There are 2 protein chains.
Amino acid sequence: MISQEKNSGSAADIPITTDRAHPVTLREVAEAAGVSTATVSLVINKKKNARIADDTRQRVQEAIQLLGYRPNAMAKNLVSGTSKFIGLVADGVATTPFAGQIIHGAQDEAWKHGYALLIANTEGNVDLERDAIAMMLEYKVRGILYSTWFHRATEVPETLRESDFVLVNCFSPDSPASRAVVPDEAQGGKSATEILLRGGHRRIAFINTTTPAPAKDGRLEGYREALEAEGIAFDPELVMEAYPDQEGGYGATEELLKLNVSAVYCYNDRMAMGLYDGLREHGLAIPEDMAVVGFDNQEVIAAHLRPPLSTVSLPHYELGAAGVRMLLGLDQAAGDGPVKIACPAVERASVAVHTAA
Amino acid sequence: MISQEKNSGSAADIPITTDRAHPVTLREVAEAAGVSTATVSLVINKKKNARIADDTRQRVQEAIQLLGYRPNAMAKNLVSGTSKFIGLVADGVATTPFAGQIIHGAQDEAWKHGYALLIANTEGNVDLERDAIAMMLEYKVRGILYSTWFHRATEVPETLRESDFVLVNCFSPDSPASRAVVPDEAQGGKSATEILLRGGHRRIAFINTTTPAPAKDGRLEGYREALEAEGIAFDPELVMEAYPDQEGGYGATEELLKLNVSAVYCYNDRMAMGLYDGLREHGLAIPEDMAVVGFDNQEVIAAHLRPPLSTVSLPHYELGAAGVRMLLGLDQAAGDGPVKIACPAVERASVAVHTAA
DNA sequence: TTGAAAGCGCTAACAC
DNA sequence: GTGTTAGCGCTTTCAA
């Protein structure tokens with residue numbers, strides 16, 4: 001025990017160990033420094049018009065160091081009347097692989113502005129959701145980010161309206177006034193198709209999902225737009241549908257092959273992964289015999305398929321960050337409707353580069 | 001505006017819209033109900049020995065409804081002296097796919113005990129980390145969960161010691177006294193190998209990782225244990241090493257084939273995914289020509305490979321949950337060293353069932 | 001340049 | 001049964 005003291009270089013560095021049950025308070029610092037609590041408060045908050053004698057300031061700083069003082073954020077918030085919290089309620093962001101990025105983006109951006117993130121995963125349970133929102137309201141959060149793990153329409157829970165809020169990765173049809181940020185599916189679908197177009201392909205199939213969703217419509221719309229921009233007539237025959245996972249993609253192989261296309265754009269990366277298997281079984285090489293692009297940029301898959309998959313990225317991180325910016329009123333509110341975040345193309349090796357004739 | 005009133009069924013349901021800048025306080029409820037704040041406090045907290053007249057209670061409840069009162073959690077915490085927060089600092093949990101489950105598990109368990117989760121993703125940045133911990137300390141968190149996205153040794157930041165804390169998915173060699181929860185890699189490796197053993201295989205290869213980590217040692221140890229338990233001599237020749245991703249697994253194919261084994265246990269699912277490709281190129285079928293098991297149970301991959309991969313699950317959710325239980329002193333503290341959480345086997349179709357002779 | 005005192009919203013003795 | 005009152009740790013006039 002005693003031998004430890006040998007190491008104590010500068011005494012000021014080593015706070016007197018404090019009882020965890022009773023943290024050091026402002027008042028104790030004041031007493032130790034022989035000043036009033038008001039003075040200590042002033043030096044801590046570095047008030048501009050804080051005319052404090054240098055040596056007083058000095059004494060206070062030392063007392064703070066010595067005692068290992070930590071301000072009590074709750075007391076601060078109480079008196080200021082405003083908290084420094086932003087709530088994030090998710091229906092499953094933490095559950096699904098890559099969408100945890102929404103948390104990440106929100107947290108980084110919140111932090112940047114001095115806010116802490118209070119999170120709650122409700123797994124879609126309505127009671128849990130109500131409780132979570134209530135909790136956040138009780139902590140007087142600055143606002144709440146309400147997010148879903150996949151892009152969809154949602155109802156805004158009544159209690160949510162007691163606070164500022166923004167919808168992230170979802171939107172509300174019945175309350176057009178609510179603010180929301182969603183991925184730009186149409187632009188993403190357009191970008192995906194363009195990768196193929198740039199590869200010199202003209203006859204391009206699209207395997208859409210069977211599940212109704214904004215993504216289904218948007219990604220198709222983008223496909224049409226890209227085609228039209230190139231003067232290629234949209235051919236409904238080239239649009240197939242399959243369940244949006246590996247099995248769906250695999251199962252779509254036969255039908256795809258009948259279409260006589262040189263390239264295919266899949267609704268998502270998982271589908272593309274399944275399609276890789278199907279194509280391989282037919283002895284077809286990617287991208288030589290068939291160029292493939294996906295959607296989502298699900299790293300574990302897309303970056304490591306053979307060959308690595310060209311795709312389009314779902315901007316989860318940006319969604320979270322843009323959500324807090326919108327909440328804080330930092331982004332110029334655009335027109336009506338949800339703000340759309342771009343889905344950038346990520347080109348890898350599943351589409352050969354086109355050597356123009 | 002006025003037309004809206006038509007819908008107002010029971011007036012009590014519709015709180016008087018309150019100015020968000022100035023939420024309803026306990027005192028206002030008291031005044032509205034014509035009682036003192038103490039009384040309101042009593043009915044709100046349903047104190048057992050709360051001898052309150054029924055009609056008083058009634059009036060208070062109504063006032064609460066009418067005004068849309070929400071208790072101020074910060075004031076509560078201030079007076080009680082203890083907060084209801086648990087901090088979670090992660091070096092990247094939110095970033096990596098499945099490890100977001102740590103957040104999920106921690107949140108569920110914390111919630112269950114009335115705690116809210118305050119999270120911070122530090123992305124390994126030391127300054128950010130210090131600030132994050134400071135923030136949590138200022139909110140007087142009940143304790144902090146310090147977690148890493150992959151199982152490894154870590155140093156305990158000095159400031160962390162100002163609070164109760166438990167290490168999640170990591171451990172500290174230089175502070176054996178600190179509490180920690182980690183996955184049981186050895187048991188996991190044993191389980192993985194046992195799947196193969198049960199499949200009737202005797203000559204089993206193990207493709208370990210090239211990257212040093214507790215997982216590398218533990219998973220190998222489990223492999224040896226399982227073999228020995230079956231009376232099979234450990235053969236170092238059968239242990240290979242490769243980079244722990246798809247490319248690594250793919251690249252290991254040739255060497256594996258020279259080993260003349262009927263089964264292989266891969267360090268992780270990604271490696272197994274790459275190996276699938278390699279095996280397929282050699283015209284080998286899984287599980288007929290080669291049985292394969294992985295590790296991690298990375299859903300997107302394992303559940304959807306062709307055939308679906310048998311593997312062993314990294315218990316991230318449980319890690320988070322066990323972490324808060326340990327923090328709260330709910331689990332009987334085991335002996336010394338980190339508490340190990342089991343990695344359960346998940347059997348799918350990459351190993352044929354053994355029809356005993 | 002600094003201190004005294006009020007008060008943020010709430011709980012907990014302790015009266016009545 | 002219910003009200004009065006004294007703080008919890010801090011910020012912020014207002015005096016001195």
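On a predicted model such as this, the values are computed, not experimentally measured, just so you know. Each chain gets a letter, A, B and so on, in the order the sequences are listed, and its residues count up from 1. All heavy atoms count here, side chains included; hydrogens, waters and symmetry mates do not.
Under the side-chain contact (heavy atoms from CB on, under 4.5 Å) criterion, A:Q58 pairs with A:E62, not counting sequence neighbours. Not counting sequence neighbours, the partners of B:D164 by the salt bridge (Lys or Arg N to Asp or Glu O under 4.0 Å) test are A:R20, B:R142. In terms of the side-chain contact (heavy atoms from CB on, under 4.5 Å) criterion, residue partners of A:D131 (sequence neighbours excluded) are, by chain and number, B:W111. Listed by chain and number, the residues in a side-chain contact (heavy atoms from CB on, under 4.5 Å) with B:L78 are A:N72, A:A75, A:L78 (sequence neighbours excluded). Partners of B:D54 according to the salt bridge (Lys or Arg N to Asp or Glu O under 4.0 Å) rule, which considers only residues two or more places apart in sequence or in another chain, do not exist here. A:E28 pairs by the salt bridge (Lys or Arg N to Asp or Glu O under 4.0 Å) definition with nothing, not counting sequence neighbours. For B:R27, there are no salt bridge (Lys or Arg N to Asp or Glu O under 4.0 Å) partners, not counting sequence neighbours.
Residues from residues 32-43 of chain A that place a heavy atom under 4.0 Å from any atom of DNA chain D, listed by number: A:A38, A:S41.
Among residues at least two apart or in separate chains, side chain to side chain donor-acceptor pair (under 3.5 Å) pairs with a member in residues 73-86 of chain A are A:N77-B:Y139.
From the 5' end on, the contacts that DNA chain C makes with chain B at under 4.0 Å to a non-hydrogen atom open and close at C:dC8 to C:dA12. Of all nucleotides in DNA chain D, those with any atom nearer than 4.0 Å to a heavy atom of chain B start and finish, going 5' to 3', at D:dG1 to D:dG9.
In the helix from C:dT1-D:dA16 to C:dC16-D:dG1, the terminal helix axes, each the rotation mapping four pairs' C1' atoms onto the next four within five end pairs, subtend 40°, rounded to 10°.
Contacts of B:I52 with the nucleic acid, taken as non-hydrogen atoms under 4.0 Å apart, involve only primed sugar atoms and P, OP1 or OP2.
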